[in-house]
Structures are given as C-alpha cells and as structure tokens.
Number of protein chains: 2
Amino acid sequence: MTSSTRSLDELIVVLKAVADEKRLSIIASLGDGERCVCELQQRLGAGQSLLSFHLRTLKEAGLVSDRREGRWIYYSLIPEALGDLEAFLRETRAGETR
Amino acid sequence: MTSSTRSLDELIVVLKAVADEKRLSIIASLGDGERCVCELQQRLGAGQSLLSFHLRTLKEAGLVSDRREGRWIYYSLIPEALGDLEAFLRETRAGETR
DNA sequence: TTGACACATCAATCACCGTTGATGTATGGT
DNA sequence: ACCATACATCAACGGTGATTGATGTGTCAA
C-alpha cells in the first residue's frame with residue numbers, strides 16, 4: 001500500500017524539475033517568501049527569458065504558483081510539493097531491508 | 001547552517017539519477033534485497049545494454065553498489081543516498097515561511 | 001495613445017540523455 | 001582450447017531540455 005497524493009508520472013515531473021541547479025536556486029530564493037521575476041533575475045544573474053522558462057517548468061511541476069500585482073508577477077513556493085517528494089522518498093526508502 | 005553530507009553538485013547528480021522512471025523501478029526492485037542484472041532484466045523487461053546504462057548512472061550517483069559473484073554481478077541500494085536526499089529536501093522545505 | 005516597463009512566448013541552436021545493436025571482457029563449464 | 005553465459009562498453013541515432021535573441025502581451029504613467 002504505497003499511498004501517495006501524486007502519481008508516479010507526476011512525481012517524476014517534480015523530480016526532473018528539481019534536478020536542475022538554477023531551479024534549485026530559484027526554490028532556495030523563494031524559501032523566505034514570494035519574489036517577482038525581476039528580483040530573481042538579479043539574484044540568479046540569469047536572462048529574463050531563461051528565468052521565465054525555468055519558472056514555467058517549476059509551475060507545471062506544481063512546485064510554485066504565481067500572482068499578478070500590477071506589472072509584477074510574484075512567484076511563491078507550494079509547500080505541499082516538496083513534502084510529497086519527501087514522503088515518496090521515505091516510502092521508497094522504507095522498502096529497504098535495513 | 002545548511003549542513004549536508006553532500007555538495008550541491010552531488011545532490012543534483014542524485015536527483016537527476018532518480019528522476020527517471022526505469023531507474024526508479026530499479027530502485028524499487030532493489031528495495032527488498034540485492035539483485036543480479038539478469039533478474040532486473042526480467043523484472044523491467046528492458047534490454048541488457050539499456051539496463052547496464054541505467055545501473056551505471058545509479059552507481060555514479062552513489063545510489064547503488066555492485067558485487068561480483070562468479071558470472072553474476074549483484075546490485076544493491078546504498079541506504080544513505082536516499083536519506084541524504086530526504087535530508088536535503090527537509091532543509092530546503094524548512095526555509096519556507098510557513 | 002503613446003511609450004516604458006515586467007513578463008511570457010516563439011524560433012533556433014546546441015548539448016546531453018535514453019535507446020538500440022554490435023562488440024569487448026571476464027567467468028565457468030566441457 | 002573452446003564455447004556459452006553474464007555483463008560492460010562503444011557507436012550511432014532520435015528526442016528532449018537548456019540557452020539565447022527576437023517578438024508578443026498586459027499594465028501603468030504621462
């Protein structure tokens with residue numbers, strides 16, 4: 001009974017999304033609250049287009065959400081996402097013999 | 001103080017290794033003990049060459065170890081690896097505001 | 001309405017990954 | 001020595017992801 005909120009396919013999408021240095025940096029930057037793209041752009045020193053691509057990937061994986069406020073769009077983490085990943089790893093690890 | 005056993009680069013290698021359906025199947029199959037390649041080959045229904053490639057990826061990521069016994073090579077999980085990943089996610093998630 | 005700003009999307013390129021078939025290597029049986 | 005087995009490695013191909021520059025979209029100010 002390996003119950004989990006997400007399907008295996010969805011979890012792989014999440015894993016692929018997390019398995020990237022720049023996207024991990026984004027996640028780390030969002031750890032202490034929401035950020036607009038321009039802030040992330042400065043923090044990561046990445047081009048606007050590239051950053052938008054990575055944010056899209058994270059969004060499609062269900063890891064972040066966005067909110068528009070005037071001209072700015074603020075991105076923030078969805079706490080459950082990483083929790084589901086943790087739970088999945090815990091279940092996988094539980095299958096080990098010792 | 002984000003202490004962790006592995007560097008960020010190493011963790012990304014582990015994440016990339018785990019972010020694949022067939023490699024996850026291998027990990028699941030190794031969950032209840034070591035298996036030779038021929039056993040995994042039957043379980044996954046994968047070609048010998050392909051399976052060898054995935055096992056190499058997992059090995060280079062530090063997720064599995066191999067042991068030769070006669071003509072057979074037995075692969076088994078390295079428990080710490082997934083634990084480190086869990087710890088990393090826990091630390092990352094701990095940075096969230098709530 | 002015109003322009004500046006913040007961001008998304010598109011198009012093109014490049015590199016890397018997954019897959020397959022062929023070949024190489026080590027072990028054991030005869 | 002020879003052959004079969006179990007596995008690794010190599011070569012080649014196709015697909016997908018990361019990156020960049022150009023263009024499109026929505027918002028605000030003047």
Side-chain angles (χ1 to χ4, degrees), chain A residues 8-30 33-78 81 85, chain B residues 8-30 33-78:
Chain A
L8 183 63
D9 289 334
E10 289 172 331
L11 278 167
I12 290 179
V13 170
V14 176
L15 281 169
K16 284 186 185 296
V18 173
D20 180 271
E21 186 178 0
K22 293 188 178 172
R23 288 193 288 265
L24 275 181
S25 298
I26 294 174
I27 291 175
S29 290
L30 295 180
E34 63 178 10
R35 304 269 174 190
C36 68
V37 181
C38 55
E39 285 177 292
L40 294 171
Q41 206 166 333
Q42 292 178 149
R43 282 204 171 197
L44 304 187
Q48 183 267 323
S49 176
L50 179 59
L51 192 54
S52 195
F53 165 76
H54 285 304
L55 286 170
R56 188 178 210 271
T57 303
L58 289 172
K59 186 179 175 184
E60 287 178 350
L63 282 162
V64 303
S65 61
D66 58 340
R67 176 181 69 86
R68 161 150 253 154
E69 187 174 328
R71 293 188 241 187
W72 298 271
I73 294 182
Y74 290 90
Y75 280 85
S76 53
L77 282 179
I78 298 178
L85 209 53
Chain B
L8 183 62
D9 289 333
E10 289 172 332
L11 278 167
I12 291 179
V13 170
V14 176
L15 281 168
K16 284 185 185 296
V18 173
D20 180 90
E21 186 179 359
K22 294 188 179 172
R23 288 194 288 265
L24 276 181
S25 299
I26 294 174
I27 291 175
S29 290
L30 295 181
E34 63 178 9
R35 304 269 174 190
C36 68
V37 181
C38 54
E39 285 178 293
L40 294 172
Q41 206 167 333
Q42 292 178 150
R43 283 203 172 199
L44 304 187
Q48 181 268 323
S49 177
L50 179 58
L51 192 54
S52 195
F53 165 76
H54 285 305
L55 287 170
R56 187 179 212 271
T57 303
L58 289 172
K59 186 178 175 183
E60 288 178 349
L63 282 162
V64 303
S65 61
D66 58 340
R67 175 181 69 85
R68 161 150 254 155
E69 186 174 329
R71 293 188 239 188
W72 299 270
I73 295 181
Y74 290 90
Y75 281 85
S76 54
L77 282 180
I78 299 178

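All values derive from a computational prediction rather than experimental measurement.
Both A/Gly47 and B/Arg68 sit near DNA chain D, but only B/Arg68 has its closest nucleotide nearer the 5' end. Nearer to the 5' terminus of DNA chain C, by closest-nucleotide assignment, is the contact made by A/Ser52 (compared with the other of B/Leu51 and A/Ser52).
For B/Ser49 and D/dT9, a side-chain-to-base donor-acceptor distance below 3.5 Å is present, hydrogens and geometry of angles not being considered. A donor N or O paired with an acceptor N or O is not found under 3.5 Å between the base of D/dA6 and the side-chain atoms of B/Gln48.
A salt bridge is defined here as a Lys NZ or Arg NE, NH1 or NH2 lying under 4.0 Å from an Asp or Glu carboxylate O, and B/Glu21 with B/Arg23 fails to meet this definition. Here B/Glu39 does not pair with B/Arg43 in a salt bridge; the nearest charged N to carboxylate O distance is not below 4.0 Å.
Remark: B/Arg71 is not in phosphate contact with D/dA4, judged by side-chain N or O atoms under 4.0 Å from OP1 or OP2. OP1 or OP2 of D/dA8 sits under 4.0 Å from a side-chain N or O of B/Tyr75. Phosphate contact (OP1/OP2 of C/dC17, side-chain N/O of B/His54, threshold under 4.0 Å): absent. B/Arg56 has a side-chain polar atom (N or O) that falls below the 4.0 Å cut-off from OP1 or OP2 of D/dT9. Distances shorter than 4.0 Å separate some side-chain N or O of A/Lys22 from OP1 or OP2 on D/dT19.
The nearest whole Å value for the distance from the CG atom in B/Asp20 to the C1' atom in C/dT19 is 11 Å. As a whole-Å value, the separation of B/Ile12 CD1 from C/dC17 P is 13 Å. Distance CZ (A/Phe53) to P (D/dG17): 7 Å, rounded to an integer number of Å. Going from atom CZ of A/Arg67 over to atom P of D/dT27 covers 14 Å, rounded to whole Å. Taking atom CD of B/Glu60 as the reference point, atom P of C/dG18 lies 12 Å away to the nearest angstrom. Rounded to an integer number of Å, the gap from A/Leu58 CG to D/dA18 P is 10 Å. Atom-to-atom, NZ of B/Lys59 to P of D/dC7 comes out at 13 Å; the value is rounded to the nearest Å. Between A/Leu15 atom CG and D/dG17 atom P the separation is 14 Å, expressed in whole Å.
In B/Arg67, the CZ atom is crowded: over 12 heavy atoms of neighbouring residues, nucleotides or ligands sit closer than 6.0 Å.
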Worked check of side-chain contact (heavy atoms from CB on, under 4.5 Å) between A/Leu58 and A/Leu77: CA-CA 9 Å; A/Leu58 289 172; A/Leu77 282 179; over 6 Å; no

Derivation and outcome, side-chain contact (heavy atoms from CB on, under 4.5 Å), residues A/Asp20 and A/Leu24: CA-CA 6 Å; A/Asp20 180 271; A/Leu24 275 181; over 6 Å; no

Worked check of side-chain contact (heavy atoms from CB on, under 4.5 Å) between A/Tyr75 and A/Ser65: CA-CA 6 Å; A/Tyr75 280 85; A/Ser65 61; over 6 Å; no

Full working for side-chain contact (heavy atoms from CB on, under 4.5 Å) between A/Lys59 and A/Asp66: CA-CA 8 Å; A/Lys59 186 179 175 184; A/Asp66 58 340; 3.1 Å; yes

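Between D/dC7, C/dC7, C/dT19, one nucleotide has an atom nearer to the side chain of B/Leu50 than all others, and that is C/dT19. Which of C/dA8, D/dT19, C/dG18 sits closest to the side chain of B/Arg23 comes down to C/dG18.
Pairing each heavy atom of B/Ser29 with each of B/Arg35, the nearest pair is O-NE, 3.5 Å.
Scanning residues 37-44 of chain A for heavy-atom distances under 4.0 Å to DNA chain D yields an empty list.
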